[in-house]
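Some notes on the structure that comes next.
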Amino acid sequence: MNLTIAIQKSGRLHDESIRLLKECGIAFTNGLNALKVDATNFPLTIFQLRDDDIPQYVEDGVADVGVVGENVLLESGHAVDIAERLGFGRCRLSVAMPRSAPFNGPQDLQGKRIATTYPSILGDFLKAQGIQAEVHTISGSVEIAPSIGLADAICDLVSTGSTLLTNGLVEVLPVLRSEAVLVTNRSLSGEKRHLLDQLLFRMAAVRAAKETKYIMLNAPNEKLDAICSILPGIKSPTVMPLAESGWSSVHSVVKEDVFWEIIQELRDAGAQGILVLPIEKMIAT
Ligand code: PRT
Ligand code: ZN
């Protein structure tokens, strides 16, 4: 029995979804153009669909799990669980207005016409903020709505902000931060849950590796205590003697987000010949 995963067939989330599966060691034979692709080395079948259909398919159990933007998931309102946040497809859903329009706070949206493809998320947001505005649901090219007189403001996805800029709009109010998420059907069988757990385990190892670097350095033996206290490692650093007496090599791992601070501390503590290497997979437990 295969676990089935729905991913976007083409579009912004497709390549990263495939990359995620490949990084988890999943291989496919038949071309990736097919609607249905079987993995060759893991009991997994991939369905390639329009992103908008994925929450429904996962809720109905047509696919067991799926990769979809949180924005699409929330707008759809389908009942699925989020098993993992995937860290790609990041964007925000924001209200934007023409550059010339005055905006001093959410109350300035009162009575305004806002065009969007996200009426549900926007409607909930406005309600929570106590703003009464007219939500105009349109199916695309939201950014041109103000210039053609269809709306006073828009609510759309923004990543770099260049689409807003070229249409003379400015982001005035963030509504939602979104990224791709792995969603799961709520009544997976024990067998499928077991396969999903294996997949999640691999994803965690890939993510941990991306967040961590392997570090090697040389240090005079009298400085080892100070250096080891800076480098906690998974358990503790590895210390090996160098051929030159009185010197050792120290190997450990460091978190990407504190990496530069740690390098500076290590240099100050007497470390030399520091090498930093990427880690491919990391299984910490
Ligand atoms: O064909 P299908 O229905 O599957 O695809 P789609 O056209 O509906 O979706 P697609 O591929 O455009 O986006 C898929 C998902 O990517 C979205 O649901 C988001 O979760 C995520 N994502 C991340 C984005 C963006 N960034 C993004 N910038 N989706 C759309 N945009 C659009 C935005 O709507 C606007 O038109 O890009 C434009 C703004 O980009 P910037 O860089 O100019 O700010
Ligand atoms: Zn879509």
Side-chain angles (χ1 to χ4, degrees), residues 4-21 31-37 46-60 62-63 65-78 80-99 103 114-125 135-148 150-184 203 207:
T4 51
I5 182 167
I7 64 167
Q8 193 187 24
K9 177 156 178 51
S10 61
R12 289 169 192 260
L13 303 183
H14 172 82
D15 290 355
E16 292 275 14
S17 302
I18 293 290
R19 194 160 71 99
L20 176 72
L21 293 173
L32 277 169
N33 290 326
L35 168 69
K36 185 167 166 278
V37 181
I46 301 158
F47 291 149
Q48 303 199 89
L49 306 168
R50 285 205 51 198
D51 66 347
D52 314 74
D53 296 332
I54 292 175
Q56 169 93 62
Y57 278 35
V58 173
E59 183 186 73
D60 293 348
V62 175
V65 303
V67 174
V68 69
E70 233 176 331
N71 50 304
V72 170
L73 173 64
L74 290 176
E75 184 63 27
S76 78
H78 284 293
V80 294
D81 290 331
I82 294 180
E84 193 71 63
R85 309 181 70 77
L86 299 172
F88 58 83
R90 284 210 172 96
C91 55
R92 51 202 187 271
L93 182 67
S94 290
V95 176
M97 291 179 89
R99 205 178 298 127
F103 184 84
I114 312 176
T116 189
T117 50
Y118 292 89
S120 174
I121 299 176
L122 176 62
D124 289 349
F125 175 80
V135 175
H136 285 247
T137 308
I138 57 176
S139 58
S141 303
V142 178
E143 64 279 359
I144 61 164
S147 63
I148 60 171
L150 187 71
D152 306 305
I154 65 163
C155 177
D156 198 12
L157 298 177
V158 184
S159 47
T160 62
S162 72
T163 303
L164 294 183
L165 192 70
T166 49
N167 286 280
L169 300 167
V170 275
E171 198 175 347
V172 293
L173 198 57
V175 172
L176 174 81
R177 290 199 173 279
S178 178
E179 66 185 272
V181 288
L182 185 77
V183 293
T184 66
M203 285 181 188
R207 192 178 50 246

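In listed order, ligands and their atoms are each counted from 1.
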### 4.5 Å side-chain heavy-atom contact, H78 and I54
no
### Query
What are the atoms of ligand 1, with element, lying closer than 4.0 Å to any heavy atom of G11?
11 (O)
### Task
State whether the side chain of E179 and the backbone N or O of G87 hold a donor-acceptor pair below 3.5 Å, judged by distance alone.
yes
### Query
Considering L165, N71, T166, which one's heavy-atom position lies nearest to atom 19 (C) of ligand 1?
N71
### Interfacing atoms of ligand 1 (cut-off 4.0 Å, heavy-atom, G69)
20 (O)
### Task
Please find the N/O/S atom of D51 nearest to the Zn ion (ligand 2) and write down its name.
OD1
### Query
Which ligand 1 atoms are under 4.0 Å away from a heavy-atom of T163?
38 (C), 39 (C), 40 (O), 41 (P), 43 (O)
### Query
Polar-atom distance check: S178 versus ligand 1, any N or O pair below 3.5 Å?
no
### Query
Which of the atoms in ligand 1, numbered in the order shown and given with their element, are less than 4.0 Å from a heavy-atom of V158?
44 (O)
### Task
Search all heavy atoms of S94 against all heavy atoms of E171 and return the closest pair with its distance.
OG-OE2, 2.6 Å
### Task
List every atom of ligand 1 that sits less than 4.0 Å from any heavy atom of C91, numbering the atoms from 1 in the order shown and giving each element.
19 (C), 22 (N), 23 (C), 26 (N)
### Query
Protein heavy-atom contact under 4.0 Å for atom 13 (O) of ligand 1?
yes
### Query
Going by the order shown, which atoms of ligand 1 are within less than 4.0 Å of some heavy atom of T160?
41 (P), 42 (O), 43 (O), 44 (O)
### Query
Where the side chain of E84 meets the backbone of L86, is there a donor-acceptor pair that is under 3.5 Å apart?
no
### Task
Check each atom of ligand 1 against the heavy atoms of V72 and keep those under 4.0 Å away; list them by number with element.
18 (O)
### Task
For a salt bridge (Lys or Arg N to Asp or Glu O under 4.0 Å) with E70, tell me which candidate from R85, R92, R177 qualifies.
R85
### Query
Against heavy atoms of S162, which atoms of ligand 1 measure under 4.0 Å?
43 (O), 44 (O)
### Task
Taking atom types as modelled, find out whether D60 and Q56 have a side-chain donor-acceptor pair closer than 3.5 angstrom.
yes
### Query
Should one rank R12, E171, Q8, R50 by closest heavy-atom distance to atom 5 (O) of ligand 1, which comes out on top?
Q8
### Query
Is it the side chain, the backbone, both or neither of D156 that has a heavy atom closer than 4.0 Å to ligand 1?
side chain
### Query
Which of the N/O/S atoms in D52 sits closest to the Zn ion (ligand 2)?
OD1
### Query
Among V80, D53, V67, whose side chain to side chain contact (heavy atoms under 4.5 Å, CB included) with V58 holds?
V80
